[in-house]
There are 2 protein chains.
Amino acid sequence: MAQPYPGHDIIAGGGTKMAIRDAAVKLFTSKGFEQTSLREVADAVGITKASLYYHYPSKLDLLLAIIEPVVENIRRVVAEVDGLGHDADTVRRVLRDYLRGMIRHRDAGSMCVRDTVAIYNALSERYPDVLESGKVLADWLAGPDASHEARVRAAAALSVITSALTTDEYVPGVSDEVLESTLLDAATCVLNIHATA
Amino acid sequence: MAQPYPGHDIIAGGGTKMAIRDAAVKLFTSKGFEQTSLREVADAVGITKASLYYHYPSKLDLLLAIIEPVVENIRRVVAEVDGLGHDADTVRRVLRDYLRGMIRHRDAGSMCVRDTVAIYNALSERYPDVLESGKVLADWLAGPDASHEARVRAAAALSVITSALTTDEYVPGVSDEVLESTLLDAATCVLNIHATA
DNA sequence: GTCTATATACCGATAGAC
DNA sequence: GTCTATCGGTATATAGAC
């Protein structure tokens with residue numbers, strides 16, 4: 001009788017579990033993963049540390065639950081580009097797809113970039129494949145037999161995409177549409193690509 | 001008789017102090033500041049934790065000593081743009097100046113971006129002014145009375161500059177010259193600026 | 001599901017001998 | 001300048017009552 005509607009824990013039960021997640025995202029983002037104790041998370045929710053362990057088996061599992069959608073986004077894009085051609089329109093389409101996922105999961109994403117090392121270490125234990133995804137994406141973006149300059153441009157373009165996660169701080173109130181169109185244009189510009197669309 | 005050549009501790013004494021710094025940069029970069037214990041740093045150097053405290057009064061002071069050149073770089077650039085005009089050539093000159101500092105202090109800089117929260121917290125206690133420097137620079141880059149799009153472009157351009165710190169991973173062996181010219185070109189492209197030089 | 005209480009371990013930092 | 005030994009504090013995680 002744990003849950004009256006199995007698989008619908010978002011609606012039925014699980015309110016506490018969601019509250020823990022939200023409080024953890026906020027605290028991990030502002031203070032960092034290692035610097036945030038589970039006591040602080042529990043206090044923010046209004047429960048004790050021991051109750052928190054009922055919902056998440058460990059601090060690492062809590063972190064992994066938070067970054068899961070971000071991991072899915074990069075996994076999806078990396079799988080997408082596998083064996084794909086490298087014309088301007090395709091590159092633009094992949095970049096837009098990647099950027100949209102970034103913007104959608106902005107809260108967890110910005111937590112990742114603010115505490116890269118902690119997330120990196122966490123991923124290396126559970127999802128070792130994702131750590132190479134950035135390189136895979138950069139390699140594809142740079143194109144076949146790319147020069148040093150082309151590779152630097154590819155890395156810079158990915159950096160432009162990732163800046164969607166931190167732009168809120170510099171441009172409060174910017175709409176998702178402006179963010180997407182502007183950064184997509186900037187990223188293609190960095191790549192020296194001038195697509196037809 | 002602490003030092004035979006006062007002021008020349010780089011040459012005369014201070015070998016241990018420098019070894020501590022180098023080991024700390026490496027460990028802080030790969031594991032994160034909070035996740036790295038002073039015991040690990042001491043072990044890497046081949047001394048004990050207590051000896052480490054002879055050279056640095058606290059863990060925070062060790063971190064601050066490492067990031068000092070990075071702080072100086074951004075301070076210098078921010079002071080430079082104060083009251084400066086906003087024509088294309090000036091923007092390009094400022095970006096180049098900022099980028100060169102980034103490349104020069106790449107090791108400490110990449111440590112900063114990999115562990116943003118820890119560095120942010122450390123700076124807020126000692127150098128609270130530097131935390132606003134990013135915004136000041138972005139505001140100036142965006143130009144007077146900037147639109148949302150212009151502000152997003154400014155933030156993205158800074159992100160391109162900062163990518164110099166992590167490019168090594170994607171483009172091993174790239175020269176400083178290629179890195180500088182490519183990223184400078186990419187950043188100005190993001191800003192929609194087409195300077196004469 | 002939530003609580004109190006606790007086990008266990010490591011951290012940063014200090015004291016004092018050499 | 002480096003060491004051994006230790007203090008005080010906090011962390012993750014667990015046991016068991018309710």
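In what follows, chains carry the letters A, B, and so on, assigned in the order in which the sequence lines appear, proteins first and then strands, with residues in each chain numbered from 1.
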key: B:Asp43: salt bridge (Lys or Arg N to Asp or Glu O under 4.0 Å) partners, not counting sequence neighbours   = B:Arg39

note = Letter by letter from the 5' end, nucleotides 2-14 of chain C scores (B base, S sugar-phosphate only, - none; protein heavy atoms under 4.0 Å) BBB------SBBB

query = If you look only at pairs with a residue in residues 91-137 of chain A, which of them pass as a ring pair (Phe, Tyr, Trp, His ring centres under 6.0 Å), with sequence neighbours excluded?
reply = none

For residues 151-164 of chain A, which side-chain donor-acceptor pairs fall under 3.5 Å, sequence neighbours excluded?
unit_1, atom_1, unit_2, atom_2, d
A:Arg151, NH1, A:Asp139, OD1, 3.4
A:Arg153, NE, A:Glu149, OE2, 3.2
A:Arg153, NH1, A:Val190, O, 2.7
A:Arg153, NH2, B:Asp185, OD2, 2.7
A:Ser159, OG, B:Ser159, O, 2.9
A:Ser159, OG, B:Ser159, OG, 2.7
A:Thr162, OG1, A:Leu158, O, 2.8
A:Ser163, OG, A:Val160, O, 2.6

request  = Taking side chain to side chain donor-acceptor pair (under 3.5 Å) as the test, write out the residues that go with A:Lys31, two or more places apart.
outcome  = A:Glu40

request  = Please name all residues satisfying ring pair (Phe, Tyr, Trp, His ring centres under 6.0 Å) with A:Phe28, sequence neighbours left out, ordered by chain then number.
outcome  = A:Phe33

